[in-house]
Amino acid sequence: MSNSVNPTPVEETPAYNPAVVEQKWQESWKERQTNVTDIPNARDPFYALMMFPYPSAEGLHVGNLFAFVGNDIYGRFQRLQGHNVFEPLGYDAFGIHSENYALKVGKHPMELIPQNITNFRRQLERAGLMVDWSHSLSTTDPDYYKWTQWVFLQLLKQGLAYKKHAAVNWCPSCKTVLANEQVVGGACERCDTPVEQRFLSQWFFRISDYAARLLGNLDQLDWSETTKTAQRNWIGRSEGAEIRFPVKGAAAEGPSISVFTTRPDTVFGATYMVIAPEHPMVPALTSALYKSAVDQYLSRSARQDVVTRKSNTEKTGVFTGAYAVNPATGKDIPIWISDYVLMEYGTGAIMAVPGHDERDFEFARMFGLPIARVVCGEGEDASAPLEHAFTDSERGIIVNSGPFDGMAVATAKREIVAMLEEKGAAKPVINYRLHDWCISRQRYWGPPIPIIYCDEHGAVPVPEKDLPVLLPHVDDFKPDDSGVSPLARHEAWYVVPCPECGKPSRRETDVSDTFLDSAWYFLRYPSVGIDELPFDAGLTKKWLPVDSYIGGNEHAVLHLLYSRFITMVMSDMGIIDFEEPFTRFRAHGLIIRNGAKMSKSRGNVVIPDQYIDKWGADAFRTYLMFLGPFEEGGDFRDASISGVKRFLDRLWASAAVACDSSALDRRADPDVMRKLHQTIKKVGEDIPRLSYNTAIAAMMEYMNVLRRGERTPVRAEVEPLVQLVAPFAPHVAEELWEKFGRGESVFDGGWPAYDPALVAEETFDLVVQINGKTRGKLVVPRGISQEEAVAAALAEQSVSKFLAGEPGKIVFVPGRLLNLLG
RNA sequence: GCUCGGGUGGCGAAACCGGUAGACGCGAGGGACUUAAAAUCCCUUGGGCCAAAGCCCAUGCGGGUUCGAUCCCCGCCCCGAGCACCA
C-alpha cells in the first residue's frame, strides 16, 4: 500500500463552509426546479412517499426529520439509479390535536395552521430534501377536503357507509367526545374527570366486510414484517362455530340464542350462558322476579365509560331467570348477563365453559355456577375437580362428552360441529375482531360530512357538484355539553334546502375522522392542481401504486389499514386498477430522547435547527442516519456528530487536493481502487436495505484508506465517493461535483458501477481452528482446496503444535475456515 | 395477560447463510507537528493472568443441538412498543 507522504502545496482551497454551500445549492435547486417532477411526461417513474406530518406548533423535531431524511436518501438513490423520482410532502393538519392546541392558546385553527405550515416548510427546506413542493397539499385546504367529502359519498353510494347509534367516551368537564386513547384509567387524560358513556348516532364504514381480503392480501405485500403482524392481529381472524341454544321457560319460549365459539369441542362443558347487557334479547329473557336486579345492572354498566368497563378486573353479572338447553347434553343451563361479554364481537352472547376458559371460570367461581371438565391433560383424572381452567387445546383429550371421549381437541372440533350441524344447531363460522370504522367526530376542525337531513327524504347526500361543503369560520369552535359538533350552533350554516325537494333541511354537523383525510392523500399528490377530479386516471396509472412508502409503525394499523380499505373500494368501483396502495412499506424506528418518546410535556423535544446551524444540514442528515439502524431508531445523542462532520471535512479536503494541478498526472493506487470498488458495491447494496448506518461506515472506512498518512488522493479515487455520498449529503456532493467539472448536478451523473474483478480479493484470511478453537489465520489464495489448506495449516508451527498427531475429522468451509479435530 | 421488537466494550453500534465477536464512529490514553493551543495525522483501547511468548474468560441468565452458537431449540430474567374480558 502506498504510504508516500506528499505535503500538499494547496494554495487557495477554500475551507468547507456548510452554510455557504448549502445555501448556494438550495437556491440553485429552487431556481432550476430540479426537485419538480414532470408528472405527466416522466419516464421510469418512482413514487417515494413518506407519511405526511401533522404540522404542530412546536415545529419539526428530529424524530420527524429522521424519517424524512431516511426517505429522501432512498428517493435520491433511486434518482441516481436513473428513475424519475416523485417525492411529495404535505400536511395532515385537520384533527383533534390541532383543535385542542388552538383552544389552549386561544387562537383559531384557521390562523394557526397556516403559520405552523410555514414554519414546517422552512425547517424542511433547510434539511435539503428532494421534495417537489409544487405538488404539496394540506388536508385542510378546501381543494383537498372537497375530495375527502367526495370519497365519503362514493362509499355511501356503494352501500359501505351507514349510520348507527354507538357508544362514545364523553368528558363532562371538557364537554367533548374523547377517543379511546384519550381516556387514561377511566378519566380524561387532560382534566382527570371520570369519563362517561354516551350514545350518539354516528357514521360508519363497512371495513369489516373487507376483513378477509385485507388479511389475505398481506401475504403478497413487501412490507415490514412487524407491520404485517400488527395488521393480522388487528384484523383478528378466528375460526370456530356458531351454535344455537334454544331458550326454555321463563319469559320467552321458543326463540334461541346464537353464540360464537372457537372451542366447539367443549360444548358438553357449557354449564351456563352469558349475554351482553346490550343484547336485544335481554328484555324478553328477563323474568319478572329478576327484573329489578337486571335493570339495576343494565343502568350501572351503561353509565360506565367504554374503557373502564373493558378493564374491570372483577367479574360482575346478573341472572335473567331464563334457561337455555345445551344442544349437546340436552340439559337446562341458566342465562346470565355480564359486561365481560361484548356486543361488538361475535353474536354478543357466549356459551360459558368454565372448565376451559379463564374468564368463564372466574365468573362461575364468583356466582357459584357449576364447573365441568370435558378436556383432560395427559395422566389427569377426568373426574377430579378443576382448580383452574384447563385451556391447553394442543395437548387435550376430550372426556365426559359421550361419543367424543378420547378424541384429540382438533378432531373433536370437527366432529362435534358436524354432529350439531346435522341437528341444525350449528355451523362453522369465521369471525374477525375488526370493527366497522366510525368516522363521525362531534368536533369542529375537520371536513363536514356531506349529508343533509330532510324530514321527508331522510339522509340525503350533498350532490357532488355542490362540493365542497365548506367548513365555516366560526369563533366559538369550542365543544360543549350538547353532544353535537360546535357547527350545530350555527343555524345560518346548517339550515339548507333539501337537495331532493328544496324544503328547509339540516346539514350533518359532525365532521369526519382525520384518518379519512389521510386514507387517500397518496392518490391526490400526482394530481395536485387538477380541480375537476380527485385524481386523474392517466396520472394515477402512471404513478401508482406507491413504489416505496416509509413511515412510523405507530400507524401500522389504523392509517395503513384504512388506506388499503379505501383503495380496495376505489378498485372495486373501477376507478383505479390496483387494490393495494403501497407496493413496499418500511417502518422506520423511533428517535427517542433519554429513553422516552419526544414530547413537549416531557420537555425532551430536540429541534433540528440548532444542529443544522452548528454542523450543517449535510452533517446532520448523515449523522441521523449513522446513529443506528434506520428501522430501529434509537436514543438521540449528539455525541458523535463530530465524527460525521470530520468525514465530510476529509472528503472536502480530498477533493481539493485531487483537483489540484500537481495531482493530475499521478495515477490511482490499485489497492485504493480495489477498496473503492468494494465500497461502491457495499453502499449500493446497503441503501436499498435501508442499512444506512453501515453504508456510511463503509464510506468512512474507504476514507481511512484514501487518506491514510495524509496521502494525496487522485481524482479517480475521490470522484465516485462524491457520488456515493450524494444521497446522504447532497449539498456538499453537488459542490464537489461542480468542482470536478462534471456537470450541473451530481444527481444527473448516475450511480458508479463497480468492477467485479476488483471487488474479489485474490487471497483471503483462512481461519484455522484446532478442535473448534481459533489458533491462527493464514493468507491463502481464493480457490484453495481442502488438501492444500490442511497442508498449509500443518506447515504452520504455531498452529500445528496444538494438534497431537494426525487430524481426525476435518471441517473445511471454502473461503472461510478450516477446523481440524484431533 | 397476549403479540411483536430488543438485551453485544466506557458509549452509539457491526457481524447479510451457524464460521476470526466488537467493523465504523464517539469517548479515553499516548505520540508527531506547534512557542503554545486548536486543527490535522499516527498508535493503543472488552476483561483477567503473565516479565514475555502466551493462556484463560467474555454477546442478559441456565440448559441443549453442533466440529463450531451473538445467530437455531427449550426454560427463565430485564427493557421497549402495541393490543387488551375478542369467547
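We use all heavy atoms of the structure for the numbers below, so side chains are in, but hydrogens, waters and symmetry mates are not. Just so we're on the same page: letters track the sequence lines, and every chain starts at 1.
Gln769(A) comes within contact range of at least one nucleobase, with a heavy-atom separation under 4.0 Å. Residue Lys682(A) is in base contact, counting any heavy-atom pair closer than 4.0 Å across all strands shown. Residue Leu817(A) is in base contact, counting any heavy-atom pair closer than 4.0 Å across all strands shown. Residue contacts shown for Arg237(A) are absent, as no nucleic acid heavy atom lies under 4.0 Å away. The residue Asp649(A) sits apart from the nucleic acid: no heavy atom pair falls under 4.0 Å. Residue-level contact check: Ser238(A) touches the backbone only, with heavy atoms under 4.0 Å from sugar-phosphate atoms and none from bases. Base engagement by Ile350(A) is indicated by at least one non-hydrogen atom pair under 4.0 Å involving a base atom. Contacts of Asn233(A) with the nucleic acid, taken as non-hydrogen atoms under 4.0 Å apart, involve only primed sugar atoms and P, OP1 or OP2.
Separation of the Phe66(A) and Phe636(A) ring centroids does not fall under the 6.0 Å cut-off. A ring-centre distance under 6.0 Å is not found for Phe204(A) and Trp437(A).
Pairing for C67(B) goes to G19(B), judged as Watson-Crick or G-U wobble with the two contacts each under 3.5 Å. Searching all strands for a Watson-Crick or G-U wobble partner of G75(B) with both distances below 3.5 Å returns C61(B). Searching all strands for a Watson-Crick or G-U wobble partner of U3(B) with both distances below 3.5 Å returns A81(B). Here A53(B) sits opposite no nucleotide as a Watson-Crick or G-U wobble pair (both hydrogen-bonding atom distances under 3.5 Å). For C41(B), the paired nucleotide is G31(B), the pair qualifying as Watson-Crick or G-U wobble because both relevant distances are below 3.5 Å.
Both Gly236(A) and Glu225(A) lie near RNA chain B, and the one whose nearest nucleotide falls closer to the 5' end is Glu225(A). Comparing Gly634(A) and Lys809(A) by the nucleotide of RNA chain B whose heavy atom lies nearest to each, the residue mapping closer to the 5' end is Gly634(A).
Taking 90° from 0 as the syn/anti boundary, the base of C42(B) is oriented anti. Base orientation of G12(B): anti, the glycosidic angle falling outside 90° of 0.
Between Tyr432(A) atom OH and A87(B) atom P the separation is 13 Å, expressed in whole Å. With rounding to whole Å, Phe245(A) atom CZ is found 16 Å from A87(B) atom P. Rounded to whole angstrom, the span from the CD atom of Glu632(A) across to the P atom of G7(B) amounts to 7 Å. The CG atom of Asp686(A) sits 12 Å away from the C1' atom of A15(B) (whole-angstrom rounding). One atom, CD1 of Ile591(A), and another, P of A13(B), lie 10 Å apart when rounded to the nearest Å. The CG atom of Leu560(A) sits 15 Å away from the P atom of G82(B) (whole-angstrom rounding). Between the P atom of G12(B) and the CZ atom of Phe647(A) lies a distance of 23 Å, rounded to the nearest Å. Arg711(A) has its CZ atom 17 Å from the C1' atom of U40(B), to the nearest Å.
The aromatic rings of Phe367(A) and Phe363(A) sit tilted, their planes meeting at an angle between 30° and 60°.
Here the nucleotide nearest the side chain of Arg775(A), chosen from C56(B), A87(B), A23(B), is C56(B). When each of U20(B), C4(B), A14(B) is scored by its nearest atom to the side-chain atoms of Thr774(A), the top-ranked nucleotide is U20(B). Closest contact between the side chain of Trp234(A) and the listed nucleotides C83(B), A87(B), C4(B) involves C83(B). For Arg816(A), whose side chain is taken as the heavy atoms from C-beta onward, the closest listed nucleotide among C4(B), G19(B), A87(B) is G19(B). Listed nucleotides C4(B), C83(B), G68(B) differ in distance to Thr226(A); the shortest reach to its side chain belongs to C4(B). Closest approach to the Asp339(A) side chain among A87(B), C85(B), G19(B) is made by C85(B) (side chain taken as heavy atoms from C-beta onward).
A salt bridge links Arg586(A) to Asp222(A): at least one charged side-chain nitrogen sits closer than 4.0 Å to a carboxylate oxygen.
For the C1' atoms, the distance from C79(B) to U40(B) is 42 Å, rounded to whole Å. Spacing of P atoms, C72(B) relative to G18(B), comes out at 7 Å, to the nearest Å. Across the P atoms, A84(B) and A13(B) are found 30 Å apart, a figure rounded to whole Å. The separation of G22(B) from C57(B), taken at their C1' atoms, amounts to 16 Å, rounded to a whole angstrom. Rounded to the nearest Å, the gap between the P atom of G47(B) and that of A38(B) is 26 Å. Taking atom P in both A58(B) and C73(B), the straight-line distance is 22 Å, to the nearest Å. Using atom P as the reference point in both U20(B) and U70(B), the two lie 10 Å apart (nearest Å). Comparing the P positions of C61(B) and U8(B) gives an interatomic distance of 10 Å, to the nearest angstrom.
Looking at Ser691(A) and Thr694(A), their side chains do bring a donor and an acceptor atom within 3.5 Å of each other. Under 3.5 Å, the side chains of Asn553(A) and Ser224(A) contain no donor-acceptor pair of N or O atoms. A donor-acceptor pair shorter than 3.5 Å cannot be found between the side chains of Asp339(A) and Ser301(A).
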Give me, pair by pair, the N or O atoms of the protein and of nucleotides 25-31 of chain B that are less than 3.5 Å apart, along with how far apart they are.
unit_1	atom_1	unit_2	atom_2	d
G25(B)	OP1	Asn704(A)	ND2	3.2
C26(B)	OP1	Arg646(A)	NH1	2.4
C26(B)	O2'	Ala639(A)	O	3.2

After noting the C-alpha distance and the side-chain angles of Phe647(A) and Ser642(A), does the key distance pass the side-chain contact (heavy atoms from CB on, under 4.5 Å) rule? CA-CA 9 Å; Phe647(A) 166 70; Ser642(A) 59; over 6 Å; no

Evaluate the side-chain contact (heavy atoms from CB on, under 4.5 Å) criterion for residues Phe620(A) and Leu65(A): first the C-alpha distance (whole Å), next the side-chain angles of each, then the deciding distance (0.1 Å), finally the verdict. CA-CA 10 Å; Phe620(A) 192 56; Leu65(A) 199 60; 3.8 Å; yes

Let's go through Gln231(A) and Leu218(A) carefully: what are the C-alpha distance in whole Å and the side-chain angles of both, what is the deciding distance for side-chain contact (heavy atoms from CB on, under 4.5 Å) to 0.1 Å, and is it a yes or a no? CA-CA 8 Å; Gln231(A) 292 217 347; Leu218(A) 283 175; 3.7 Å; yes

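A cation-pi contact links Lys315(A) to Tyr340(A), judged by a cut-off of 6.0 Å to the six-membered ring centre and 45° from its axis.
Proximity of Asn553(A) to the phosphate of G82(B): no side-chain N or O atom is located under 4.0 Å from OP1 or OP2.
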